[in-house]
A.B. asks: 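Once you've had a glance at the structure underneath, I'll fire off some questions.
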Amino acid sequence: MPELPEVEVTRRQLEPLVVGRRIARVFTTRPSYFFLTPPAALRRSLPGRRVEALERVGKYLVARLDSGERLLLHLGMTGQIFGAGIPGVRLLSSSAGASLTPEEQQQAFRPDRHTHLRLRFDDRGPDLFFRDARKFGKVQLMRPGEPSPRLERLGPDALTARGKHILEGARTRRAPIKSLLLDQSLLAGVGNIYADEALFLARVRPTRPGRRVSRDECNRLASAIRRVLRRSIATGGSSISDYVQPDGGAGAYQDERRVYGREGEACPRCRATIRRKVIGQRSAHYCPRCQK
DNA sequence: AGACTAACCTGAAAGC
DNA sequence: TGCTTTCAGGTTAGTC
């Protein structure tokens, strides 16, 4: 679900909510695929730590703690992070949307069986909730100075990457360019929606082998990726099924999609019918006429 | 190295 | 109505 824009919107809303606060207590669900660090260790280690910064690396959120530790969070496909008790907050859980009454808010924020992590702070302010129905999300606590293979694997951040970064990665590869754009070690932050949208803007067909994408096209792709990601951040991200902002609001970028999820509809540029094709186990959406 | 598959989970929507 | 199938914004381990 969440790609770079959704993670960045989450980071921006969460930052003022958590930075400077000291964790008092931690609630978790049972050990599972979701916890890279055992939940018992989180409950034991986190209390007493103060959050000093909240950063984003690709699709990861990284909370820096005053102990020198780092708490890594990944939203996976259905992850949702939100605060409770924030005045004026709306809910962020599924299909969220508009305004909820205070009662509905309480309902919405009540932890359920999918709320795997809950942080309580020593100032008695709002708790932080991390829920994830499918558990593809991740939580990991890194000790001071401990290297993180997950973060070190990542390529340049997609928000600032240039055409040459794509060209370097694509030049020798036979895989479809769409698959390469999804490869986080090549470019960090692009996911299925924005890969399709950027390929459309750059007029490059997703099936094209990487080695056959020209320098000019790589420049167009990098430019399209930056543009699409920036615009999505500005509109609050894409809320298509699960994604909600930490204040419960929904993003609006889904209304600006040109091809993603629009199989059978008319291409906004040439009116040809948008096609869907499975590439690397993910659906790709493209215009068969204007994407060469 | 790189390309491809299966697997990790749950829930909503579509199909019959 | 109810059962079955399909699909989903992600990543990783294993295989050739």
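Letters A, B, ... mirror the listed sequences (proteins, then strands); counts begin at 1. What you see is a predicted model, and the numbers here were worked out from it, not measured in a lab.
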A.B. asks: Using ring pair (Phe, Tyr, Trp, His ring centres under 6.0 Å) as the criterion, list what pairs up with Tyr194(A), not counting sequence neighbours.
C.D. replies: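 Testing Tyr194(A) for ring pair (Phe, Tyr, Trp, His ring centres under 6.0 Å), a comparison that skips the adjacent residues, returns Tyr253(A).
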A.B. asks: Looking at Lys59(A), I'd like to know whether one of its side-chain N or O atoms comes within less than 4.0 Å of OP1 or OP2 on dG10(C).
C.D. replies: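 For dG10(C), OP1 or OP2 has a side-chain N or O of Lys59(A) closer than 4.0 Å.
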A.B. asks: Do Phe136(A) and the base of dT11(C) stack face to face, with centres under 5.5 Å apart and an angle between planes under 30°?
C.D. replies: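 So Phe136(A) does not count as stacking on the base.
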A.B. asks: For Gln281(A) and for Ala175(A), find the nucleotide of DNA chain B with the closest heavy atom, then tell me which residue's nucleotide is more 5'.
C.D. replies: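 Nearest nucleotide further toward 5': that of Ala175(A).
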A.B. asks: For dG11(B), does either OP1 or OP2 sit under 4.0 Å from a side-chain N or O belonging to Arg131(A)?
C.D. replies: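 Checking dG11(B) against Arg131(A), no side-chain N or O comes under 4.0 Å of OP1 or OP2.
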A.B. asks: Return no unless some side-chain N or O of Lys135(A) is found under 4.0 Å from OP1 or OP2 of dT10(B).
C.D. replies: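 Lys135(A) to dT10(B) OP1/OP2: side-chain N or O found under 4.0 Å.
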A.B. asks: With sugar-phosphate meaning primed atoms plus P, OP1 and OP2, does Arg153(A) contact a base, only sugar-phosphate, or nothing at under 4.0 Å between heavy atoms?
C.D. replies: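 Result for Arg153(A) = sugar-phosphate.
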A.B. asks: I'd like to know if Asp66(A) pairs up with Arg49(A) as an ion pair, taking the criterion as any Lys NZ or Arg NE/NH1/NH2 lying under 4.0 Å from an Asp or Glu carboxylate oxygen.
C.D. replies: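 Salt bridge absent between Asp66(A) and Arg49(A).
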A.B. asks: Is there a donor and acceptor pair, one atom on the side chain of Arg134(A) and one on the base of dA8(C), closer than 3.5 Å?
C.D. replies: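 Pair found.
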A.B. asks: I want to confirm an ordering. Mapping Gly280(A) and Thr172(A) to their closest nucleotides on DNA chain B, which one lands closer to the 5' end?
C.D. replies: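 Its nucleotide being nearer the 5' end, the pick is Thr172(A).
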A.B. asks: Does a nitrogen or oxygen in the side chain of Gln184(A) sit under 4.0 Å from OP1 or OP2 of dG10(C)?
C.D. replies: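 False: Gln184(A) side-chain N/O out of range (4.0 Å or more) of dG10(C) OP1/OP2.
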A.B. asks: Applying a 4.0 Å non-hydrogen cut-off, can you work out what Arg211(A) is touching in the nucleic acid: base, sugar-phosphate, or nothing?
C.D. replies: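 Counting heavy atoms under 4.0 Å across all strands, no contact is made by Arg211(A).
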A.B. asks: Counting any heavy atom closer than 4.0 Å, what does Ser179(A) reach on the DNA or RNA strands: base, sugar-phosphate only, or nothing?
C.D. replies: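 Answer is nothing: Ser179(A) stays at 4.0 Å or more from every strand.
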A.B. asks: What base-paired stems does DNA chain C take part in, with at least 3 consecutive Watson-Crick or G-U wobble pairs and both distances under 3.5 Å?
C.D. replies: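 Expected stems, ordered by start: B:2-8 with C:10-16, B:10-16 with C:2-8.
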A.B. asks: Is there a side-chain polar atom (N or O) of His114(A) under 4.0 Å from OP1 or OP2 of dG11(B)?
C.D. replies: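 Answer is yes, contact under 4.0 Å.
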A.B. asks: By the 4.0 Å heavy-atom rule, please label Phe34(A) as base, sugar-phosphate, or nothing.
C.D. replies: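 The residue Phe34(A) makes no contact with any strand.
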A.B. asks: When the P atoms of dA12(B) and dT11(C) are considered, how many whole Å apart are they?
C.D. replies: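 After rounding to an integer number of Å, I get 23 Å for this pair.
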A.B. asks: For Phe129(A) and Phe82(A), take the angle between the two ring planes, folded into 0 to 90°, and tell me which bin it lands in: parallel under 30, tilted 30 to 60, perpendicular over 60.
C.D. replies: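 Taking Phe82(A) first and then Phe129(A), their aromatic rings lie parallel (interplane angle under 30°).
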A.B. asks: To the nearest 0.5 Å, tell me how far Thr28(A) OG1 sits from Phe130(A) CZ.
C.D. replies: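 The OG1 atom of Thr28(A) sits 13.0 Å away from the CZ atom of Phe130(A).
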A.B. asks: OP1 or OP2 of dA8(C) sitting under 4.0 Å from any side-chain N/O of Arg282(A)?
C.D. replies: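 False: Arg282(A) side-chain N/O out of range (4.0 Å or more) of dA8(C) OP1/OP2.
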A.B. asks: Ion pair present between Arg11(A) and Glu15(A), side-chain N to carboxylate O less than 4.0 angstrom?
C.D. replies: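 Salt bridge flag = yes for Glu15(A) with Arg11(A).
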A.B. asks: Measuring to OP1 and OP2 of dT11(C), would you say a side-chain N or O of His74(A) lies under 4.0 angstrom away?
C.D. replies: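 Affirmative; the distance criterion is met.
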